[in-house]
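Residue numbers start from 1 in every chain, and the chains themselves are labelled A, B, ... in the order their sequence lines are given, proteins ahead of strands. Side chains are part of it too, since the values below use all heavy atoms of this structure and drop only hydrogens, waters and symmetry mates.
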Amino acid sequence: MESRTHLCGAVTVDDVGQRIKVCGWVAKRREHGEHLAFVDLRDFSGIVQCVVEGTVDVRSEYVLQVEGTVQLRPEGTSNDALSTGMVELHDCTVTVLNIAEPPPFSLDERAEVDEPARLRHRFVDLRRTRMQDNLRMRAAVNRAIRHAMDAQGFCEIETPMLWAPTPEGSREFAVPSRQHQGRFYVLPQSPQLAKQLLMVSGFDRYYQIARCLRDEDLRADRQFEFTQLDLECSFATEAEIRSFVTEAVLDAAQAVLGERPEYPVTMTWAEALDRFGTDKPDLRFSMELLELSEVFAHTEVKAFSAPTVKALLVEGGGAMSRSALDKLVDRAKELGAKGLAWFKISDGGAGLELESPLAKVLTDAERQGLFEVTGARAGDLIVVVADQYRLACNVLGQLRVELGGKPVSEGPYRYCWIIDFPLFDGTDAEGNPEAAHHAFTMPHPEDLHLLATEPLKVRAQSYDLVLNGWELGSGSIRIHRADIQRQVFAAMGIAEEEGTARFGFLLNAFRYGAPPHGGFAFGIDRLVAIFAGENNIREVIAFPKTQSGADLLTGAPGELSPQHMAELGLRPVPKAT
RNA sequence: GGACCUGUGGUGCAGCUCGGAGUGCACGCCGCCCUGUCAAGGCGGAGGUCGCGGGUUCAAAUCCCGUCAGGUCCGCCA
């Protein structure tokens with residue numbers, strides 16, 4: 001005899017009359033004296049009500065097997081909130097499979113629980129419907145992605161977790177070697193180099209749902225360990241690669257949301273920055289950046305004497321209090337702006353009027369230009385940042401989301417592709433351009449001639465996928481030819497020997513017939529969080545770490561025994577005081 | 001590395017400005033009552049190092065300084 005015949009949430013009116021067995025945890029017990037008691041039994045699928053004619057010695061979260069007869073509930077006692085609300089179990093034989101202490105917090109969905117408490121008792125927290133649903137949704141997303149990649153001819157290949165230190169962008173986790181004391185493996189920040197080697201090997205289309213590790217500070221959307229769909233393919237154009245990824249993310253959405261989101265729009269990096277002030281625009285709302293540079297081109301106002309003057313129109317923002325505006329100014333400064341000018345718009349009878357510390361110093365033409373460009377109406381607020389172009393865009397782009405946006409997880413789901421990124425993003429301490437993506441990114445063919453002369457103007461064949469203002473991932477066409485790689489290294493001030501030292505095994509492999517190739521990787525944690533309606537990826541990770549990188553359940557990071565340390569050739573350094 | 005917010009019985013909160021006995025609310029827990037409830041209901045009870053340390057004061061959950069933990073963000077994250 002099997003121990004259960006039905007899942008709790010799957011008992012229906014079709015089962016009426018049958019003798020069935022269910023297993024689960026006691027969600028709730030309601031006693032009505034010595035003749036009647038109700039036990040709500042819960043498993044991941046839902047709750048079924050068991051009617052006990054008498055008393056029953058069970059408590060919350062006891063683990064039970066209940067054998068009972070399915071009956072329709074008496075007239076007027078059905079419960080619409082339950083999938084099984086029309087039925088209940090009678091003549092129950094209750095077997096206590098295990099007792100349980102009272103849970104450390106309520107498992108009821110309506111209860112708000114302190115996150116540290118949830119993390120300390122994650123095994124209980126994961127019993128809750130929310131977490132069950134999130135992790136099962138994650139499994140469904142993985143399944144859909146695997147299916148999509150398989151259907152598009154990709155081959156799943158695993159790559160090592162113990163890899164060689166290859167200083168790239170992010171800080172790597174190091175693993176000391178026992179057999180080679182004083183030497184270290186690192187955990188991969190991504191399978192980037194491995195998958196490029198696989199292209200040289202002729203695997204043509206590779207993918208992997210890969211764990212990546214980066215020893216950088218944590219955020220709501222960042223954990224040390226995260227999971228990416230990592231893919232690479234040979235002999236494919238940039239557009240083809242984006243199409244492969246698009247299929248995967250649209251299929252994933254369809255699998256868990258039941259409908260296919262709009263096909264992603266494609267926008268250049270330059271356009272995204274100009275219109276939305278960011279390379280990860282949230283396209284669910286407009287409120288685009290407004291260009292005031294012309295209006296203030298010859299201004300006497302010091303605050304606006306800058307290469308770029310841009311603004312946001314906050315409809316209805318005129319109602320903001322002075323202290324709220326002060327906070328906004330502080331926020332702009334935190335984001336790097338020198339300041340933030342604001343103008344409340346009101347109707348003065350004879351036309352629109354400005355209320356602002358700067359209202360008096362504007363000329364009539366500037367005032368007029370401000371109204372014309374923004375199209376502001378009474379009750380609105382205009383905020384203005386004047387600065388270098390990139391900075392002004394970035395600050396307003398961030399404020400745009402904070403003033404007009406909504407949580408990332410709320411629909412609709414608006415994917416977009418951002419293309420034509422700059423190859424280099426600023427310069428390092430020695431004035432050398434730094435790779436925006438990585439050092440193997442293929443320059444835009446039309447811009448190759450600028451590499452030596454104006455490297456910061458070179459566009460890259462790289463592309464990001466963005467969903468509702470979150471960067472899901474990025475990819476690029478890689479450099480497969482040694483001559484172009486030399487040019488890029490030269491532009492970055494990397495001597496040939498240095499490039500060889502850092503990436504030697506890859507460059508060496510490229511000498512043996514590297515095909516043209518490119519790829520992509522996107523964060524599955526972020527994708528699932530958005531689909532699950534969560535604003536934090538910890539909610540879609542079974543055992544996440546806190547912002548300081550601690551695991552409150554296991555106590556990690558922990559200490560090693562002196563013996564273990566010695567075996568690894570490690571000696572604790574006294575803490576600096 | 002930095003900014004801000006939070007920390008009060010098992011859980012969620014109030015109390016903190018303006019110092020006066022661990023004061024209050026809801027849930028949970030324990031006991032009793034209750035034959036149709038479903039976040040059941042009624043009565044009773046237990047449960048506290050107010051994160052920790054120091055300072056001010058006759059007196060500190062409350063004011064000050066430091067520190068720890070958690071969160072959000074800046075830096076960082078090719």
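Side-chain N/O atoms of A:Arg538 include one lying less than 4.0 angstrom from OP1 or OP2 on B:U72. Phosphate contact (OP1/OP2 of B:G12, side-chain N/O of A:Ser106, threshold under 4.0 Å): absent. Between A:Asn535 and B:U72, a side-chain N or O to OP1/OP2 separation shorter than 4.0 Å is absent.
In the model, A:His35 has no side-chain atom that pairs as donor or acceptor with a side-chain atom of A:Glu53 under 3.5 Å. Inspection of the A:Asp525 and A:Gln223 side chains reveals no N or O donor paired with an N or O acceptor under 3.5 Å. When only modelled atom types and interatomic distance are considered, A:Gln189 and A:Ser170 share a side-chain donor-acceptor pair under 3.5 Å. For the residue pair A:Gln487/A:Arg481, the side-chain donor-acceptor check at 3.5 Å is not satisfied.
Applying the 3.5 Å distance criterion, the base of B:C77 shares no donor-acceptor pair with the side chain of A:Arg214. For a distance-only test at 3.5 Å, the side chain of A:Arg222 qualifies as a donor-acceptor partner of the base of B:C76. In terms of polar N and O atoms assigned as donor or acceptor, the side chain of A:Glu53 never comes within less than 3.5 Å of the base of B:U35 in a complementary pairing. Evaluation of atom-type donor-acceptor distances gives no pair under 3.5 Å for the side chain of A:Arg29 against the base of B:C38. A donor and an acceptor atom sit less than 3.5 Å apart, one in the side chain of A:Glu88 and one in the base of B:G36.
We find that CZ of A:Arg118 is positioned 17 Å from C1' of B:G10, with the value rounded to whole Å. Rounded to a whole Å, the CD1 atom of A:Ile47 is 10 Å from the P atom of B:A40. When the P atom of B:C77 is taken as reference, atom CG of A:Asp525 falls 20 Å away, rounded to whole Å. One can place CZ of A:Arg59 at 8 Å from C1' of B:C30, the figure rounded to the nearest angstrom. Atom CD in A:Glu112 sits roughly 16 Å away from atom P in B:G71 (whole-Å rounding). In this structure, A:Gln49 places its CD atom 10 Å from P of B:A39, rounding to the nearest Å. If you measure from atom CG of A:Leu107 to atom C1' of B:A39, you get 13 Å, rounded to the nearest angstrom. Look at CZ on A:Phe105: it is 10 Å from P on B:U11, rounded to the nearest Å.
For the P atoms, the distance from B:C64 to B:U56 is 16 Å, rounded to whole Å. Atom P of B:C58 sits at a distance of 37 Å from the matching atom of B:U11, rounded to the whole Å. Look at the P atom in both B:G41 and B:C4: the space between them is 44 Å, to the nearest Å. Of the C1' atoms belonging to B:G19 and B:A59, the separation is 8 Å, rounded to the nearest Å. The same atom, C1', is picked in B:G54 and in B:G48; the two are 22 Å apart, to the nearest Å.
Counting only heavy atoms from C-beta on, A:Arg219 has its side chain closest to B:C76 among B:C34, B:A39, B:C76. Set against B:A39, B:U37, B:U35, the side chain of A:Lys28 has B:A39 as its closest nucleotide. Listed nucleotides: B:A40, B:C74, B:G75. Nearest to the side chain of A:His32: B:A40. Residue A:Gln547 has its side chain nearest to B:C73 when only B:G36, B:G70, B:C73 are considered. Taking the side chain of A:Asp114 as heavy atoms from C-beta on, and the options B:C30, B:G1, B:G12, the nearest nucleotide is B:G12. Nearest to the side chain of A:Arg30, among B:G31, B:U37, B:G36, sits B:U37. Comparing B:C29, B:G36, B:G75 against the side chain of A:Ser60 picks out B:C29 as the nearest. Looking at the side chain of A:Phe38, the nearest of the listed nucleotides B:C29, B:C73, B:G36 is B:G36. Of all nucleotides listed (B:U37, B:G75, B:G31), B:U37 comes nearest to the side chain of A:Thr77. Closest to the A:Ala550 side chain, of the nucleotides B:G70, B:U72, B:U35, is B:G70.
Under 4.0 Å is where a charged nitrogen must lie from a carboxylate oxygen, and between A:Lys195 and A:Asp230 at least one such pair does. With salt bridges taken as basic N to acidic carboxylate O contacts below 4.0 Å, one links A:Glu402 and A:Arg331. Under 4.0 Å is where a charged nitrogen must lie from a carboxylate oxygen, and between A:Glu115 and A:Arg118 no such pair does. The residues A:Arg42 and A:Glu61 are annotated as salt-bridged, a charged nitrogen and a carboxylate oxygen being separated by less than 4.0 angstrom.
Across all strands shown, B:C4 forms a Watson-Crick or G-U wobble pair with B:G71, both key distances being under 3.5 Å. Base pairing of B:C50: no nucleotide in any strand meets the Watson-Crick or G-U wobble criterion (both distances under 3.5 Å). With a 3.5 Å ceiling on both atom-pair distances, the Watson-Crick or G-U wobble partner of B:C58 is B:G20. Figure legend. B:G31 is base-paired to B:C43; pairs are counted as Watson-Crick or G-U wobble with both atom distances under 3.5 Å. The partner of B:A26, taking Watson-Crick or G-U wobble pairs whose two distances both stay under 3.5 Å, is B:U11.
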